[in-house]
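Below is the structure I would like to discuss, written out as structure tokens.
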Amino acid sequence: MHRYVYVLLAALSAAWISSQPLTALLTPAAERPWEFYVALLHGSGYLSATLMSVAMLLALRGPRLEALVGGLDQLYRVHRQVALLAIGLGATHYALKLASKALRRSGLLAKPEDAKSLALQIFESWRPIAKDFAEWGLYVALALVAVALLRRIPYRYFARLHRLMPILFLLFVVHSVVFMPSPFWTAIAGPLAALLMLGGTVAAILSLSGWIGARRRTLGEVSEVHPIGLGVLEVHARLHGWKGHQSGQFALVTFDPREGAHPFTIASAWQGDGQVRFGIKSLGDYTRTLPSRLRAGDPIIVEGPYGRFDFVAEQARQIWIAGGIGLTPFVARLEALAVAGGKHPPVDLFYCTRQVDADIVARLTAGAAAAGVCLHVIDSSRGDSLSVERLLAEVPAWAEASIWFCGPTAFGLAIRAGLTARGLAPGAFHQEAFEFR
């Protein structure tokens, strides 16, 4: 998990534990199992509700949060992990409730005769419906998790079903407010949960209304479409009111409102003329249909730019590693360096591909020459590969460099592990995390 998820979980757990009445230590030994069960029940429910609230806030795609975690790709990684953890804890909360009933029937768990609900009495009439809200909401949420994890299900179905999450969240908020123990409200846990759930509720309403990201959307039209080899479609667009972007950033692009937005890296440097270019690899059901569907003049909606893959570093040189379609941000950066025409730190670009396309390599070679970048082409179809050892041999001054990687996740993790094991500072390795489901 992302380090921010661990920090968040620790902070919320501390708030819950510090607000938990220590009745289990003061009750007779025979009643302590019940008190322990109640503490776990309330704790799992509290963590589930507060984590789900944080997940909703992260879904706002706020610029400050994006900057904090290092880009929208990282923000969505944290959002996904927090949401999965929240739903998992919600399932644990429900399982504890069912298990307690089974244990009581079998005589293995005894409920004290004077045991009462710790929830606020003011919400007593709401308890039956709040219970049903959470139970049925959890069933739907678990089904949505299955859809998200099953990559065989097309993205468009995932995106449409995912729109139910704000509604489910509102159901969970009702359940949490109705059943939260009264001692929590007089300690730190209650006010913290109320603040997070209030923010999450606002985020849910904004999501349902379609306002998230609306201010960063720009309308335009497709100006040119043509394949450039290796299953890559190059799409040129003319945008009206686009305020510019940095090399290495990406955007959420909508060609068909029924399909929704997809993240694509911007493959061109900003020239101030409203023109942008995307390189789109045929990787799924949707992208494979684009060559036959897109035409010049088609409308396009571009939201962004997003991302912090901006090539800004204090190191004396840079090493770029591109795997397949991961070449796209580096093409944009080459253009920017060529246009700037100024001095820049030494750069080595390693382009790793399963099959060399002569036209792509020719364009890349020309771009690298114009930008003053040293190009290395690695063709795995000929048994060639980029290992850490080869990287160190071809760039002896690697220890002085920042590493910028865009490509298959496993490949990047292997390179990162090999370099950090040899002394590279973890902060010197930059990697995109394009996983939006």
### Task
In plain terms, say whether E303 and R61 are close enough for a salt bridge, that is, a side-chain N and a carboxylate O under 4.0 Å apart.
yes
### Query
Is the count of non-hydrogen atoms from other residues, nucleotides or ligands lying under 6.0 Å from L68 atom CG greater than 12?
yes
### Query
In this structure, are over 12 heavy atoms from other groups packed under 6.0 Å from I122 atom CD1?
no
### Query
For I129, does the CD1 atom have more than 12 heavy-atom neighbours from other residues, nucleotides or ligands under 6.0 Å away?
no
### Query
When the ring planes of W136 and Y139 are compared, do they come out parallel, tilted or perpendicular, using 30° and 60° as the limits?
perpendicular
### Query
Are W16 and S18 close enough that a side-chain donor and a side-chain acceptor fall under 3.5 Å?
no
### Query
Hey, are W320 and Q318 close enough side-chain-wise for a donor-acceptor pair under 3.5 Å?
yes
### Task
Look at R216 together with E66 and state whether they make a salt bridge at an N to O cut-off of under 4.0 Å.
yes
### Query
How close do R127 and A119 get, heavy atom to heavy atom, and via which atoms?
NH2-O, 3.6 Å
### Task
Check M52 against F169 and note the closest heavy-atom contact, atom names and distance.
CG-CD1, 3.3 Å
### Query
Should we say atom CH2 of W185 is surrounded by more than 12 heavy atoms from elsewhere, each under 6.0 Å from it?
yes
### Query
Do the charged groups of D256 and R293 touch, with an N to O distance under 4.0 Å?
yes
### Message
Less than 3.5 Å apart, any donor N or O on the side chain of H376 or E394 sitting next to an acceptor on the other?
### Response
yes
### Query
Judged by modelled atom types alone, do H79 and Q81 share a side-chain donor-acceptor pair under 3.5 Å?
no
### Query
Are the charged groups of D384 and R390 less than 4.0 angstrom apart, N to O?
yes
### Task
Verify side chain to side chain donor-acceptor pair (under 3.5 Å) between E135 and H175, making sure each step is shown before the conclusion.
CA-CA 9 Å; E135 183 174 349; H175 178 87; over 6 Å; no
### Query
Considering all heavy atoms of both residues, which atom of P63 and which atom of R308 are nearest to each other, and what is their separation?
O-NH2, 3.9 Å
### Task
Return the orientation label for the Y286 and H262 ring planes: parallel under 30°, perpendicular over 60°, tilted otherwise.
parallel
### Summary
Shortest non-hydrogen pair, L208 vs R163, comes out as CD2-O, 4.0 Å
### Task
Compare every heavy atom of A91 with every heavy atom of L142, then report the nearest pair and how far apart it is.
CD2-CB, 4.5 Å
